[in-house]
Protein chains: 2
Amino acid sequence: MACTVSGVRKGFRPTITDVAALAGVSIATASKALNGRQDVRDSTRQRVLEAARELAFQPNELARGLLSGQTRTVGLLTSDSAGRFGIPVLLGAEDAFGAGEMAVLLCDARGDAIREQHHLRALLSRRIDGLIVVGESTDPRPSVSSDVPVPVVYAYGPSEDPADVSFVPDDVGGAAMAVRHLLAMGRRRVAHVTGPAHYKAARDREEGLRLALAEAGVAQTGQTLCGPWSQRWGRHAAEMLLMAEPEIDAVFCGSDQIAAGFVEIARERGRRVPDDLAVVGYDNWEVLSTETRPALTTVDMNLEMLGRTAAQHLFAAIDGRATPGVHRMPCELVIRDSTGRS
Amino acid sequence: MACTVSGVRKGFRPTITDVAALAGVSIATASKALNGRQDVRDSTRQRVLEAARELAFQPNELARGLLSGQTRTVGLLTSDSAGRFGIPVLLGAEDAFGAGEMAVLLCDARGDAIREQHHLRALLSRRIDGLIVVGESTDPRPSVSSDVPVPVVYAYGPSEDPADVSFVPDDVGGAAMAVRHLLAMGRRRVAHVTGPAHYKAARDREEGLRLALAEAGVAQTGQTLCGPWSQRWGRHAAEMLLMAEPEIDAVFCGSDQIAAGFVEIARERGRRVPDDLAVVGYDNWEVLSTETRPALTTVDMNLEMLGRTAAQHLFAAIDGRATPGVHRMPCELVIRDSTGRS
DNA sequence: TACGTTTCCGAAAACCTTTTAGTTCGCTGC
DNA sequence: GCAGCGAACTAAAAGGTTTTCGGAAACGTA
């Protein structure tokens, strides 16, 4: 009787009309049966459900969206998703949306403002319910909210407009936490090697360092050294620093790449890590942080969680409950061997 | 007169009816004017265009798609986009689609078949025009094509069904190219350290190695050593291999992580790379390959290009021009210092 | 039988756009 | 004065779904 079809005819898509016809009812009744509404006799509902199953019927979200004005689709606009940091945020957001039955339209502007406008138009013409903008760094970026008639949430890179909703890692807090850990391990001669000073991330992390040192009444050893975020720079900085300030017993590095380079040189120069020298990284980029010798104590920005939170907040904003402002999400200190056993 | 609005009223979306009313024409005429069709007087067209500009009108893609049956939207289904390899493929595909005015619906199944089915249903109900499935490894994966009434293209991880369209890196060719390079540099005692043997990537790369060695009539030195893809395993393998086969003058590694670990130990044991020992990696993961000392010669699978090609092929398939089968995309050898100057 | 109530179902409108099939109007040619 | 024609425009249908509202049937009550 019921001829179960394995596979699907290419191109053919059954409509609710087909289902209604097969079940021998009107489309209105079929709709009510399928959506679990009242005013349908149980036996009728069963017939409709059976017909829908047999035809592998999938309601057309386009038609549904056209009617309801809600597409249950959000845009995810990234400036540079190739970047190390955009990806986890994106994944967290995708995860949260997936759980909420939302679909995600992905756009990568590749750092180009023209392309960004282009994508924005494409998203709007597809009637997204909301938008997440993922930055490529924690530096504030121009707001797009005024061009967009739906709620917008910024993740990782905040909007320049404080009236927008932004979620960023708390780099000041993360850095302070890392340095407090160094101090708790008894270190008092703490140096600092980080990335280019024009990055907000570098400045924030420096502020966290100062904060924690000031709390403990300890002075920083040597100047903050700024360079690229790379391992190469970590090696170079280590060579300079071990020469210039040989008495240091701890280094706070602005990234795991820098830290990886630093421990490499320290090891070569015969400094035992962590016994002679404790090293802390930042980012918890596991391919580096777990593979250096010794494995790095480092700050994890919880980016996936940040993305998830931003997505959940977007839900709230779509429902009209937004909390504007910059929300700083706490970081987490991952303690490994490079700062010694506690 | 024309009051240009900066910003957009939240929630309000003008329709073509609004545009037509403002321009004083029927919606049919407005539609024709906006779409550059004939049968519209120039002066009328200008009035319509002006009205559309003033209202910031965006045609509703939902309505358009409902009518045309084409959504100009494709699905991108990944098993594990957190993976190292899915990302570039995804970016390449997104890039190709963006250029073609297509939008991309992103779904990450996180390696869960249930979730995959769930996402598949969501995509189909949104009436995607086509689907790209991005695998997490080069091992063949179950086909979804029979459940999907639109064209499907598999990228990175091929479908188990040879009637499907798949794009995979040519690992055999890539490995052979790497080993031929070692031979061309005069090396004759080539060892092999790679990942777990249950990975097709490991087996394919071994086949490439054998091929190239056989061509040159050279025997492999020592057994192929299999372990995790990690840097740690690279270090461990180096310790064993330098002990067991001290006469080797080259190592082909199955990944940059393994190669990075290998050169690290080789350096510590006093083997000069590349003078005493040439090392080749695989993947061209730049955070490793450009930062080791010396920088790694390595095989680049051109994943972004692979993703782009898969996307372009999906276009063709949507137009009814598909070329079934597994398409092997050429790899590229990136020569750096770890194999010596040429 | 007449009437009210409940239960179940269906017709039709609405969402927004494109396209088809006209309709109107002015003009040419006879 | 009229057939014929082309240009410019419009009314209406189509696409798939949900929702509103009205209607029909069934049942109980007076």
Side-chain angles (χ1 to χ4, degrees), chain A residues 11-49 51-52 55-73 101 121-122 124-129 149, chain B residues 11-49 51-52 55-73 101 121-122 124-129 149:
Chain A
F12 174 73
R13 300 283 183 75
T15 73
I16 200 172
T17 309
D18 301 317
V19 175
L22 184 57
V25 297
S26 73
I27 57 173
T29 304
S31 173
K32 281 182 280 199
L34 290 170
N35 293 306
R37 309 273 316 256
Q38 297 299 73
D39 292 355
V40 181
R41 191 162 35 189
D42 245 15
S43 60
T44 311
R45 188 186 303 279
Q46 290 311 319
R47 277 213 321 284
V48 174
L49 258 37
L55 296 173
F57 168 72
Q58 300 269 3
N60 186 328
E61 280 291 334
L62 269 60
R64 202 181 262 185
L66 187 57
L67 197 52
S68 69
Q70 300 246 327
T71 52
R72 299 196 301 176
T73 303
E101 307 279 295
R121 260 195 295 277
L124 291 180
S125 71
R126 285 186 167 77
R127 295 302 189 263
I128 51 171
D129 291 338
Chain B
F12 174 74
R13 301 282 183 76
T15 72
I16 198 172
T17 309
D18 301 317
V19 175
L22 183 57
V25 297
S26 74
I27 55 175
T29 303
S31 174
K32 280 183 282 200
L34 290 170
N35 293 306
R37 310 269 317 255
Q38 297 299 72
D39 293 356
V40 181
R41 191 159 37 192
D42 246 17
S43 60
T44 311
R45 187 186 303 279
Q46 291 309 321
R47 278 214 319 286
V48 173
L49 258 37
L55 296 173
F57 169 73
Q58 300 269 4
N60 186 328
E61 279 292 333
L62 269 61
R64 205 181 258 185
L66 187 56
L67 199 52
S68 70
Q70 299 246 330
T71 52
R72 300 195 302 175
T73 303
E101 307 279 295
R121 260 195 293 278
L124 291 180
S125 71
R126 285 186 167 77
R127 295 302 187 264
I128 51 171
D129 292 338

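Only heavy atoms go into these numbers, but all of them, side chains included; no hydrogens, no water, no symmetry mates. Naming convention: chains lettered A, B, ... in sequence-line order (proteins, then strands); numbering from 1 in each chain.
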Handout entry: Steps toward side-chain contact (heavy atoms from CB on, under 4.5 Å) verdict (A/Asn60, A/Thr15)
Key = CA-CA 8 Å; A/Asn60 186 328; A/Thr15 73; over 6 Å; no
Side-chain touch [X]/[Y], heavy atoms, less than 4.5 angstrom:
X: A/Phe12; Y: A/Leu55; value: no
X: A/Arg72; Y: A/Arg64; value: yes
X: B/Gln58; Y: A/Arg121; value: yes
X: B/Leu34; Y: B/Pro59; value: no

Practice task
Decide side-chain contact (heavy atoms from CB on, under 4.5 Å) for B/Arg47 and B/Thr44; before the verdict, give the C-alpha distance in whole Å, the side-chain angles of both, and the deciding distance to 0.1 Å.
Solution key: CA-CA 5 Å; B/Arg47 278 214 319 286; B/Thr44 311; 4.2 Å; yes
Exercise for the section: Indicate whether any N or O donor in one side chain lies under 3.5 Å from an N or O acceptor in the other, for A/Thr73 and A/Arg126. Expected result: no
Handout entry: Check: B/Asn35 side chain, B/Arg37 main-chain N or O, donor-acceptor pair, under 3.5 Å
Key = no
Exercise for the section: Have a look at B/Ser68 and say if it touches a base, only the backbone sugar-phosphate, or nothing, with a 4.0 Å heavy-atom cut-off. Expected result: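 Nothing, no nucleic acid heavy atom in range.
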Exercise for the section: Could you please spell out the steps behind the side-chain contact (heavy atoms from CB on, under 4.5 Å) verdict for B/Gln70 and B/Arg127? Expected result: CA-CA 8 Å; B/Gln70 299 246 330; B/Arg127 295 302 187 264; over 6 Å; no
Practice task
Please report the C-alpha distance between B/Phe57 and B/Leu22 in whole Å, then the side-chain angles of each, then the deciding distance to 0.1 Å, and finally whether the side-chain contact (heavy atoms from CB on, under 4.5 Å) criterion is met.
Solution key: CA-CA 12 Å; B/Phe57 169 73; B/Leu22 183 57; over 6 Å; no
Handout entry: Opening and closing nucleotides of DNA chain D in contact with chain A, under 4.0 Å to non-hydrogen atoms
Key = D/dG16 to D/dT19
Fill in the blank from the handout: Expected string for nucleotides 14-27 of chain C under the B/S/- scheme (protein heavy atoms, under 4.0 Å, primed atoms plus P, OP1, OP2 as sugar-phosphate) is BBBBBB--------
Fill in the blank from the handout: If each end axis of the helix from C/dT1-D/dA30 to C/dC30-D/dG1 is fitted on five C1' pair positions, the angle between them, to 10 degrees, is 80°
